[in-house]
Amino acid sequence: MADFGISVGQFVAVIWDKSCPAEALKDLVDKLQALTGDEGHVSMENINQLLQSAHKESSFDIVLSGVIPGSSIVHSAEILAEVARILRPGGCLFLKEPVETAVVNNSKVRTASKLCSALTLSGLVEVKELQRESLSPEEMQSVQEHLGYHSDSLLSVQITGKKPNFEVGSSSQLKLSIAKKSSPSGKPAVDPAAAKLWTLSANDMEDDSVELIDSDDLLDPEDLKKPDPASLRAASCGEGKKRTACRNCTCGLAEELEKEKSRGQMSSQPKSACGNCYLGDAFRCASCPYLGMPAFKPGEKVLLSDSNLNDA
Amino acid sequence: MPTPRLLVLFGSQTGTAQDVSERLGREARRRRLGCLVQALDSYPVVNLINEPLVIFVCATTGQGDPPDNMKNFWRFIFRKNLPSTSLCQMDFAVLGLGDSSYAKFNFVAKKLHRRLLQLGGSALLPMCLGDDQHELGPDAAIDPWLHDLWKKVLDLHPVPLDLGIIPTGIPLPSKFTLQFLEEAPVTHSEEQHVARMDPQDPPSELHPFLAPMVSNQRVTGPLHFQDVRLIEFDITGSGLSFTAGDVVLIQPKNIAPHVQQFCQLLGLDPDQCFTLQPREPGVPCPVQLPQPCSVRRLVSQYLDITSVPRRSFFELLACLSPHKLEREKLLEFSSAQGQEELCEYCSRPRRTVLEVLCDFPHTAGAIPPDYLLDLVPLIRPRAFSIASSLLAHPSRLQILVAVVQYQTRLKEPRRGLCSSWLASLDPGQGPVRVPLWVRPGSLTFPETPDTPVIMVGPGTGVAPFRATVQERVAQGQTRNFLFFGCRQRDQDFYWEPEWKELEKRGCLTLVTAFSREQEQKVYVQHRLRELGPLVWELLDHQGAYFYLAGNAKYMPVDVSEALMSIFQEEGGLSSPDAAAYLARLQRTLRFQTETWA
């Protein structure tokens with residue numbers, strides 16, 4: 001078994017699919033568990049379940065995929081991106097994949113260099129080819145069976161990649177950006193591959209055939225809860241409108257307020273300077289008989305127009 | 001050192017989100033930050049990956065849907081192929097506007113916030129959920145959130161020490177300048193509109209079609225509480241084309257007495273003409289405004305002086321006021337502590353811009369014309385479902401309009417701008433032309449012939465279905481089932497003779513619910529349940545499509561509940577299975593709604 005540099009206390013993920021012989025898989029996992037000991041952990045992940053498992057990001061030190069002799073896994077861009085996400089900064093991926101050496105146009109098996117650039121595009125650095133070897137007859141058969149592909153120019157290549165030592169942009173709901181005193185803000189540069197994909201998509205706004213994620217999936221049961229009705233009332237509700245008197249108040253409010261003030265109950269003077277009732281609702285007191293009517297000139301007789309008389 | 005820039009992108013249906021965004025823009029400028037405020041669909045989204053600081057202000061409308069001016073962005077941002085590190089440069093914040101009496105409260109803001117995180121953005125602070133149901137409206141949530149936002153933003157971009165923050169009493173420069181012309185230009189008719197770039201283009205908001213009104217008939221009984229009109233337009237030569245479910249947009253005007261009153265208050269000469277110039281380069285003028293323009297035209301067609309002013313109106317007015325008493329009051333109405341007073345004075349009684357200016361005459365008289373477009377929002381077009389089909393009425397367009405009129409504690413009744421204006425137009429008195437254009441509706445109809453269609457449209461909700469039935473009958477599709485509800489058959493039973501005729505011809509099955517003709521209320525959902533077996537048969541065995549149109553608040557929920565109980569009783573489904581069945585119908589577009597507030 002190749003040396004993956006596994007030590008005590010590490011968290012390792014082994015990715016497998018139906019092309020991996022069960023015996024060999026169990027064998028590998030047992031050996032890995034002996035190396036990580038009790039403080040570490042070895043997880044097995046079926047490649048088809050990896051995305052749904054939605055592991056917490058940066059939770060594994062090492063990820064192994066396709067390394068079991070006899071397996072023939074082809075790693076998609078989504079899988080590689082997911083592996084990059086769940087690796088902790090500085091963590092390593094070791095993967096083994098059948099590659100094509102001849103220049104053939106096919107969608108099933110890619111060349112070693114395409115595979116290396118796929119790892120780079122997913123955000124891994126220090127991508128290195130460790131070794132290549134030819135496929136055993138069993139492995140050739142496995143490729144035929146599981147990938148539906150046959151060729152005489154296949155090789156099996158082992159590649160490693162590392163997650164860079166800084167966080168490339170978190171998708172955790174709990175993280176908030178840290179205030180930075182210096183400018184620029186210290187954010188990572190936009191990955192040129194990501195920028196290209198975004199630009200391509202943005203320049204094609206009219207395309208209705210592009211697949212969309214279901215936005216309802218983004219919500220959780222918390223989002224459906226209604227706010228507590230008590231929280232919807234204004235802070236001082238129930239006290240009613242501020243009671244202020246007009247300067248030339250004729251309705252008796254001024255005397256009442258004076259009495260209350262002298263009794264020491266009413267603490268504050270009317271805050272806003274209030275003019276006479278002719279000034280308009282903005283300046284009228286709560287008991288003003290002209291409330292609801294427009295402003296008028298002082299001394300002017302207020303005539304109700306026809307439209308005022310016809311109440312709906 | 002270049003000024004740091006804040007980008008505020010909004011999706012606004014009724015103008016509230018836009019108003020909040022402009023407030024953000026002003027507060028940014030007071031803190032010496034550069035700021036660009038733009039509707040999401042007007043912003044080139046390709047640049048988003050390079051933006052360092054973005055605030056998204058998004059309303060939720062309809063049934064948990066994004067506003068019209070962010071629909072394209074919404075389709076883009078959920079594309080599966082967008083890389084998860086795209087927005088790694090971005091610090092963002094999301095401010096949502098919604099109404100918690102709806103089940104999908106602020107769904108747009110919630111989904112956007114999560115998606116931006118998925119795409120690698122960093123949230124400056126948790127999202128703000130503005131709520132119309134709060135006594136003080138969305139501001140109750142927005143004010144404290146803005147306080148926190150500015151703390152975070154100023155950490156990143158502190159105000160330069162030599163400049164300091166511009167205090168709130170001092171007005172910021174106006175967005176535009178109005179250059180008055182000495183002489184009136186060569187007289188042009190009031191009907192002149194900006195020449196179309198290409199006569200082949202169909203009418204749009206920039207170039208509406210001035211449709212002659214053919215008829216304007218009241219269709220509710222004379223004793224009925226509500227005035228509802230059936231209005232017909234002649235669209236010959238307009239290039240307008242539409243199918244059932246499409247919507248017509250109408251640009252209303254202010255009535256002459258209001259225009260006159262406004263000009264008098266501000267000391268403006270209605271006949272004077274001006275040109276409009278933006279102060280900052282790159283800020284677009286309102287495209288619909290002709291240049292040069294007369295004051296009368298500006299006030300009657302563009303300034304929404306009968307709208308209810310928001311807090312930002314009082315803030316600006318306070319800055320411009322030369323009068324001690326009025327200024328004090330205006331400052332009070334702008335302050336956080338004065339919001340309850342403002343609610344009591346303005347929002348609750350639905351007091352208009354014009355009425356407020358009457359209460360503050362000294363300030364009104366001192367408003368510099370340059371600030372008119374900062375102060376008063378632009379009149380928004382109103383949408384109506386088209387109630388006729390071109391196959392039944394070629395070259396014609398009909399709509400059903402309920403005239404909005406109600407009383408608050410103000411003596412003068414509150415009136416809907418567009419519905420009152422339309423009701424006041426009488427083609428019998430002389431030619432009348434109304435600016436309008438068409439936009440596709442959200443309803444799609446089955447392509448396979450002989451698919452039965454069930455339509456539930458109480459009240460004016462029946463309008464799009466009248467178009468649908470006309471169109472389907474003209475195409476030989478006779479399997480039409482209409483559930484119509486109103487108050488009394490002799491008061492508001494719209495199109496009764498037409499339905500009866502279609503029934504006789506075997507093209508329609510009509511089920512009515514007259515809510516006030518008996519002791520207990522009978523609504524369309526009761527009729528649905530009564531005909532449960534038929535509804536189940538049509539939906540489950542005959543692939544029927546189900547449509548619902550009308551008031552957004554309660555009717556959709558009531559009808560959905562009725563459907564689910566039918567699924568349980570007739571289909572033997574459990575309660576969760578019934579809900580899943582309805583969800584499946586929605587996903588496959590066999591259950592569709594077109595609702596309005």
Side-chain angles (χ1 to χ4, degrees), chain A residues 81 85 123 168-173 175-177 179-181 183 185 187-188 190-191 193-195 197-199 201-203 205 208 210-213 215-216 218-219 223-224 226-227 231-234 236-237 241-242 272-273 275 279-283 291-295 304 307-308 311-312, chain B residues 44-46 49-50 52 72 75-76 78-89 91 100 103 105 107 110-111 114-115 117-118 120 122-125 131 133-136 140 152 155-156 325 328-329 332 340-341 343-345 349 351 355 358-361 405-407 409-413:
Chain A
R85 188 183 72 82
V168 180
S170 141
S171 55
S172 157
Q173 260 186 288
K175 274 185 182 264
L176 300 176
S177 84
K180 291 164 180 62
K181 297 290 177 189
S183 60
S185 63
K187 290 234 182 263
V190 182
D191 171 18
L197 277 170
W198 177 277
T199 311
S201 202
N203 285 332
M205 289 293 276
D208 271 335
V210 182
E211 224 183 320
L212 303 178
I213 67 170
S215 60
D216 284 333
L218 291 167
L219 302 174
D223 294 314
L224 298 171
K226 296 224 170 176
S231 66
L232 298 177
R233 315 283 327 233
S236 61
C237 77
K241 192 181 159 168
K242 224 166 39 184
S272 55
L279 282 174
D281 275 359
F283 302 94
L291 271 179
M293 294 186 52
L304 293 172
S307 56
N308 280 348
D311 262 4
Chain B
V45 73
V46 65
I49 47 176
N50 298 316
N72 291 338
R75 273 196 300 269
F76 171 79
F78 289 102
R79 286 184 175 180
K80 272 192 180 162
N81 61 12
L82 296 178
S84 61
T85 59
S86 308
L87 304 179
C88 60
Q89 293 266 304
D91 284 319
S100 61
F105 171 55
F107 265 25
K110 289 172 178 169
K111 290 179 180 182
R114 301 272 163 78
R115 182 60 175 155
L117 288 172
Q118 254 189 5
S122 308
L124 280 172
L125 69 171
D131 189 356
Q133 285 303 309
H134 194 287
E135 215 166 328
L136 299 177
K152 288 263 152 56
D155 271 346
L156 293 169
L325 188 65
E328 240 170 59
K329 198 53 147 174
E332 191 187 322
E340 252 186 275
E341 288 281 312
C343 178
E344 190 58 36
Y345 170 67
R351 196 179 299 265
E355 285 167 331
C358 289
D359 276 359
F360 294 88
Q405 183 170 323
Y406 57 96
Q407 204 72 33
R409 72 170 168 81
L410 295 173
K411 287 287 191 300
E412 190 68 24

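Sequence lines set the chain letters: A, B, ... in the order given, protein chains first and strands last, and positions in each chain run from 1. Atom set for the values below is all heavy atoms of this structure, side chains included, hydrogens, waters and symmetry mates excluded.
- When all heavy atoms of W198(A) and V45(B) are compared, the closest pair comes out as NE1-O, 3.1 Å.
- Partners of R75(B) by side-chain hydrogen bond (donor to acceptor under 3.5 Å, both in side chains), not counting sequence neighbours, listed by chain and number: N72(B).
- The two residues S215(A) and K111(B) have their closest heavy-atom pair at OG-NZ, 3.0 Å.
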(message) Go through it in stages, so that I can follow the logic: the residues are K80(B) and V210(A), the test is side chain to side chain contact (heavy atoms under 4.5 Å, CB included), and I'd like the CA-CA distance, side-chain angles, deciding distance and then a yes or no.
(response) CA-CA 8 Å; K80(B) 272 192 180 162; V210(A) 182; over 6 Å; no

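- Note that CZ of R114(B) and CG of L219(A) are 6.0 Å apart. Values are rounded to the nearest 0.5 Å.
- Rounding to the nearest 0.5 Å places CD1 of I213(A) at 11.0 Å from CG of N81(B).
- Between chain B and the options L212(A), D191(A), N203(A), heavy-atom pairs under 4.5 Å are most frequent for L212(A).
- The structure places CD of Q133(B) at 11.0 Å from OG of S231(A), a figure rounded to the nearest 0.5 Å.
- Residues that satisfy the side chain to side chain contact (heavy atoms under 4.5 Å, CB included) test with L410(B), not counting sequence neighbours, are D281(A), P349(B), R351(B), E355(B), T408(B), R414(B).
- When side chains are defined from C-beta on, D131(B) counts as touching P227(A), because their heavy atoms get closer than 4.5 Å.
- Checked by atom type and distance alone, the side chain of R79(B) pairs as donor or acceptor with a backbone atom of S201(A) at under 3.5 Å.
- When all heavy atoms of F360(B) and A282(A) are compared, the pair lying nearest together is CZ-CB, 3.6 Å.
- Annotation: the span from Q118(B) atom CD to L218(A) atom CG amounts to 5.0 Å, rounded to 0.5 Å.
- In terms of non-hydrogen atom pairs under 4.5 Å with chain B, the most contact-rich of T199(A), D223(A), V190(A), L197(A) is D223(A).
- With a 4.5 angstrom heavy-atom cutoff, I49(B) touches chain A via backbone and side-chain atoms both.
- Of all non-hydrogen atoms in L232(A) and S100(B), the two that sit nearest each other are CD1-OG, 4.1 Å.
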